[in-house]
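Scroll down for the structure; my scribbles are underneath it.
Positions are given from 1 along the sequence. Quantities reported herein were computed from a predicted structural model and do not represent experimental measurements.
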Amino acid sequence: MGEIRLPWRDIIPAWYELGIHDGKTLVISVHPKALSLLDRVSLDSPIIRDYNRRLEVPPFVLSKKERWGFGGVIQCVSGEKGWVSYHCPLPVYRKRWEKDASGRGWAIAIRASLNVLFMSLGSYPDEDTDCDTPQLIIVEGLMVQEALNSGALSAIVTPGMNPFLSSPEKGSLELIRSAMQIADEHMWRPDRKKDSLFPLQFKVNFSGPTAIHLSVPGNACGLDPSFGSGSYEGPSHGYRLSPHNVDSGIQQLSLLMGLARLCELERAMYR
């Protein structure tokens, strides 16, 4: 049995990366050695059967060549050196707490597909990749329900993020904040209200040398360093980010886009 590694303490070569395309599309790029993790998903997987049972989702598509996920909502794009990028356009909602504007259940299908993807990528590949960049962000899971209080999101910020988090430029933090706001405005477009105070609710703060907090509109809604296993212990380690009052899919996906921009900014420091 191999040595057990803790992603909030150990530097591990990247097996997937987060990014953003055109401000409205989440991108998950997967190293070729990690693609086998997705092969473990089948139409009979417990999570697929559970979502089929309790959610109004279209059939799951397994192909990694063109489309993937419930209804094929995620587009597969081949990249350099065998990497595959999964492009997931953000949904547009009729209202902030209601189903998506398409009326076809794409919003819940997108969130459910992303959760299956991130859960599949939650374990390490059988063999470390040859990536020069360490794994930076690990999305542990997205709560997916068709109800209020159903948008929880948790992630791990690895020690590989510390070069950026220890001395971020002010402009970089604005890019993270802006990514969340752009995502929110796109998803809530049909019911957007002109409120000059609304943008002020998107925030990126620190409570320690590398302890980052992401906030989006809501009742103290955001991601904060957690307590217990994977808690923040100072600038030499990583830590878990746990949700606080993340009630909706819009909040969940906006925060996820903030994490994607954070990952992009740190990745640029390694290249």
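Nearest heavy-atom pair, Pro13 versus Cys131, reported as atom, atom and distance to 0.1 Å: CB-O, 3.9 Å. Between Asn245 and Ala220, the closest heavy-atom pair is CB-O, 4.1 Å. Of all the heavy atoms in Ala155 and Ile137, the pair that sits closest is CB-CG2, 4.4 Å. What you find for Pro58 and Trp106 is that their closest heavy atoms are CG-CZ3, 3.8 Å. Between Leu241 and Pro225, the shortest heavy-atom distance links the atoms CD2-N, 3.6 Å. Closest heavy-atom contact between Leu259 and Leu153: CD1-CD2, 4.4 Å.
For the pair Met257 and Leu90, the minimum side-chain heavy-atom distance is below 4.5 Å. When side chains are defined from C-beta on, Gln251 counts as touching Cys221, because their heavy atoms get closer than 4.5 Å. When side chains are defined from C-beta on, Ser78 does not count as touching Trp83, because their heavy atoms never get closer than 4.5 Å. Side-chain contact check for Ser178 versus Ile176: every heavy-atom pair is 4.5 Å or farther apart. At a threshold of 4.5 Å between non-hydrogen side-chain atoms, the residues Leu18 and Glu264 do not count as touching. Residues Leu214 and Met180 form a side-chain contact, since some pair of their non-hydrogen atoms from C-beta on lies under 4.5 Å apart. Between Asp184 and Phe202 there is a side-chain heavy-atom pair separated by less than 4.5 Å. The side-chain heavy atoms of Arg67 and Ile74, taken from C-beta on, include no pair separated by under 4.5 Å.
Between Trp15 and His31, the gap from one ring centroid to the other reaches at least 6.0 Å.
Between the Thr25 side chain and the Asp22 main chain, no donor and acceptor come within less than 3.5 Å of each other. In this structure, Ser254 contributes its side chain and Ile250 its backbone to a donor-acceptor pair below 3.5 Å. Side-chain atoms of Gln252 come within 3.5 Å of backbone N or O of Gly151 as a donor-acceptor pair. Within the 3.5 Å criterion, the main-chain N or O of Gly69 finds no donor-acceptor partner in the side chain of Ser113. Side chain of Asn162 to main chain of Pro235: a donor-acceptor pair is present (N/O by atom type, distance under 3.5 Å, no hydrogens or angles). When atom types are taken as modelled, the side chain of Thr158 and the backbone of Gly238 share no donor-acceptor pair closer than 3.5 angstrom. In this structure a side-chain-to-backbone donor-acceptor pair under 3.5 Å is missing from Tyr93 to Ala107.
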Donor-acceptor pairs are to be reported for all side-chain atoms of residues 46-53 against protein atoms at under 3.5 Å, with residues two or more places apart or in another chain.
from  : atom 1 : to     : atom 2 : distance (Å)
Arg49 : NE     : Asp44  : O      : 3.0
Arg49 : NE     : Asp44  : OD1    : 3.3
Asp50 : OD1    : Arg53  : NH2    : 2.7
Asp50 : OD1    : Arg54  : NE     : 3.4
Asp50 : OD2    : Arg54  : NE     : 2.9
Asp50 : OD2    : Arg54  : NH2    : 3.4
Tyr51 : OH     : Asn115 : ND2    : 2.7
Asn52 : ND2    : Ile48  : O      : 3.2

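Partners of Glu140 by side chain to side chain donor-acceptor pair (under 3.5 Å), not counting sequence neighbours, listed by chain and number: Arg240. Legend: residues meeting ring pair (Phe, Tyr, Trp, His ring centres under 6.0 Å) with Phe60, ordered by chain and number and at least two apart, are Trp68, Phe70. Ser231 meets the side-chain contact (heavy atoms from CB on, under 4.5 Å) test with Glu233; sequence neighbours excluded. Residues meeting the salt bridge (Lys or Arg N to Asp or Glu O under 4.0 Å) test with Asp132, sequence neighbours left out: none.
Lys203 NZ: 12 or fewer foreign heavy atoms inside a 6.0 Å radius. Within a 6.0 Å radius of CZ in Phe227, no more than 12 heavy atoms belonging to other residues, nucleotides or ligands are found.
Interatomic distance, OH of Tyr16 versus OG1 of Thr129, reported as 13.0 Å (0.5 Å rounding). Taking CD1 of Ile156 as the start and CE of Met161 as the end, the distance is 13.5 Å to the nearest 0.5 Å. Between atom NZ of residue Lys24 and atom CG of residue Leu253 there is a gap of 15.5 Å, rounded to the nearest 0.5 Å. With rounding to the nearest 0.5 Å, the separation of CG in Leu142 from CG in Leu256 is 6.0 Å. Once rounded to the nearest 0.5 Å, the distance linking CD of Gln135 with CZ of Arg5 reads 11.0 Å. Atom SG of Cys263 and atom CG of Leu136 lie 4.5 Å apart (nearest 0.5 Å).
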Q. Checking side chain to side chain donor-acceptor pair (under 3.5 Å) for the pair Ser85/Ser29: CA distance, chi angles, key distance, verdict?
A. CA-CA 4 Å; Ser85 293; Ser29 298; 2.9 Å; yes
Q | Stepwise side chain to side chain contact (heavy atoms under 4.5 Å, CB included) check, Leu165 with Leu262 | A | CA-CA 9 Å; Leu165 293 177; Leu262 174 63; 4.0 Å; yes
Q: Check step by step if side chain to side chain contact (heavy atoms under 4.5 Å, CB included) holds for Val144 and Ile108.
A: CA-CA 7 Å; Val144 184; Ile108 203 75; 3.7 Å; yes
**Q.** Derivation of the side chain to side chain contact (heavy atoms under 4.5 Å, CB included) call for Leu62 and Leu43
**A.** CA-CA 8 Å; Leu62 286 170; Leu43 299 181; 3.8 Å; yes
Q: Start with the C-alpha gap between Leu265 and Leu175, add the side-chain angles, then the distance that decides, and say whether side chain to side chain contact (heavy atoms under 4.5 Å, CB included) holds.
A: CA-CA 9 Å; Leu265 291 168; Leu175 290 174; 3.9 Å; yes
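Applying the side chain to side chain donor-acceptor pair (under 3.5 Å) rule to pairs touching residues 210-225 yields Ser207-His213, Thr210-Tyr232, His213-Asp224, sequence neighbours excluded.
Connection of Met187 to Ile20 is established within a shared hydrophobic cluster, with ILVMFWY side chains joined at heavy-atom distances below 4.5 Å, either directly or through further cluster members. Under the 4.5 Å side-chain heavy-atom criterion for ILVMFWY residues, a single connected hydrophobic cluster contains both Leu223 and Leu173. Met269 and Ile11 sit in two unconnected hydrophobic clusters of ILVMFWY residues. Membership requires side-chain heavy atoms under 4.5 Å apart, directly or through other members. Hydrophobic cluster membership differs between Leu38 and Val61, with clusters built from Ile, Leu, Val, Met, Phe, Trp and Tyr side chains linked at under 4.5 angstrom. Cluster annotation: Phe118 is not connected to Val77 through the hydrophobic network of ILVMFWY side chains, with a link wherever side-chain heavy atoms come within less than 4.5 Å.
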